[in-house]
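Since the structure comes first, as structure tokens, the remarks are kept for the end.
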Amino acid sequence: MVVARTGVFGAMTKEHREQLMALAREVSFAMGERIFEEGGRADRFWIIHTGTVNLDLHVPGRRAAVIETLGAGRLLGWSWLLPPHHWHLGAEAGSPVRAYEFDAVAVREMCAADPELDHELTTYVLGVLARRLRSARVRLLDLYAPYGAGEVP
């Protein structure tokens, strides 16, 4: 398994990267396959190796809004880290996807035993969360705000 030192892997020490990858399982998703649904149990996460995944948000009375498209090296799923461990968005493969899958309980246990790993991973995931919230805000303004509603600061 070759691991690029970008994204979450670039934010970790070699030792922690190796610890995390010891838990990895290679998986694949076909184009159009639903990976998880908003509100479902968040019991795993993925690091995309190849392909794209569309993150979407349920909008009552409308089709789900695609918030962001993720590609190689990107973390798919952050809801596994924070209780109550339910997905805040949905995800669908936008193309054939290969990814490393991680069991959330095993990773949380590993983090509980190693505060430095916990800090590295939590800091990275919080950055992802902040970017995803901004992305969702901008996308929803693009789709639903009245013309001339202004720009996002």
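Below, all heavy atoms of this structure are taken into account, side chains as well, without hydrogens, waters or symmetry copies.
A distance-only check finds no donor-acceptor pair linking the side chain of H49 to the backbone of I47 [under 3.5 Å]. For the pair S95 (side chain) and T52 (backbone), a donor-acceptor distance under 3.5 Å is present.
Hydrophobic cluster membership is shared by W80 and L82, with clusters built from Ile, Leu, Val, Met, Phe, Trp and Tyr side chains linked at under 4.5 angstrom. Cluster annotation: Y100 and V105 are assigned to distinct hydrophobic clusters (Ile/Leu/Val/Met/Phe/Trp/Tyr, side-chain heavy-atom contacts under 4.5 Å, transitive). Under the 4.5 Å side-chain heavy-atom criterion for grouping Ile, Leu, Val, Met, Phe, Trp and Tyr, M12 is connected to L126 within one hydrophobic cluster. Under a hydrophobic-cluster definition in which Ile, Leu, Val, Met, Phe, Trp and Tyr are linked whenever side-chain heavy atoms come within less than 4.5 Å, directly or via other members, V53 and M31 are assigned to different clusters. In the hydrophobic clustering of ILVMFWY residues, with side-chain heavy atoms under 4.5 Å counting as a link, Y124 and L133 come out together.
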Could you pull out every donor-acceptor pair under 3.5 Å between side chains of residues 115-122 and any protein atom, sequence neighbours left out?
| from | atom 1 | to | atom 2 | distance (Å) |
| --- | --- | --- | --- | --- |
| D118 | OD1 | T122 | OG1 | 3.4 |
| E120 | OE1 | T13 | N | 3.4 |
| E120 | OE1 | H16 | ND1 | 2.8 |
| E120 | OE2 | H16 | ND1 | 3.3 |
| T122 | OG1 | D118 | O | 2.8 |

Would you tabulate the side-chain donor-acceptor contacts of residues 54-62 under 3.5 Å, counting partners in other chains and residues two or more places apart, or write 'none'?
| from | atom 1 | to | atom 2 | distance (Å) |
| --- | --- | --- | --- | --- |
| N54 | OD1 | T69 | OG1 | 2.8 |
| D56 | OD1 | R34 | NH2 | 3.3 |
| D56 | OD2 | R34 | NH1 | 2.6 |

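A distance of 7.5 Å separates CD of E33 from OG of S28, quoted to the nearest 0.5 Å. In this structure, CH2 on W78 lies 4.0 Å from NE2 on H88, to the nearest 0.5 angstrom. Atom CD of E101 and atom CD of E26 lie 11.5 Å apart (nearest 0.5 Å). The CZ atom of R74 sits 6.5 Å away from atom CZ of R131, with the distance rounded to the nearest 0.5 Å. Between the CG atom in L129 and the CG atom in L81 there is a gap of 9.5 Å [rounded to 0.5 Å]. Here the CG-CH2 distance, from D43 to W87, works out to 7.0 Å after rounding to the nearest 0.5 Å.
Among all heavy-atom pairs drawn from L89 and F36, the shortest one is O-CE1, 3.3 Å. Considering every non-hydrogen atom in both L70 and L75, the closest pair reads CD1-O, 3.5 Å. The minimum heavy-atom distance between A42 and A104, with the atom names listed, is O-CB, 4.4 Å. Residues V107 and F45 share a closest heavy-atom pair of CG2-CE2, 3.8 Å. Nearest approach of M110 to Q19, heavy atoms of both residues: CE-O, 3.4 Å.
Under the 30°/60° scheme for interplanar angles, the aromatic rings of F29 and W46 are found to stand perpendicular.
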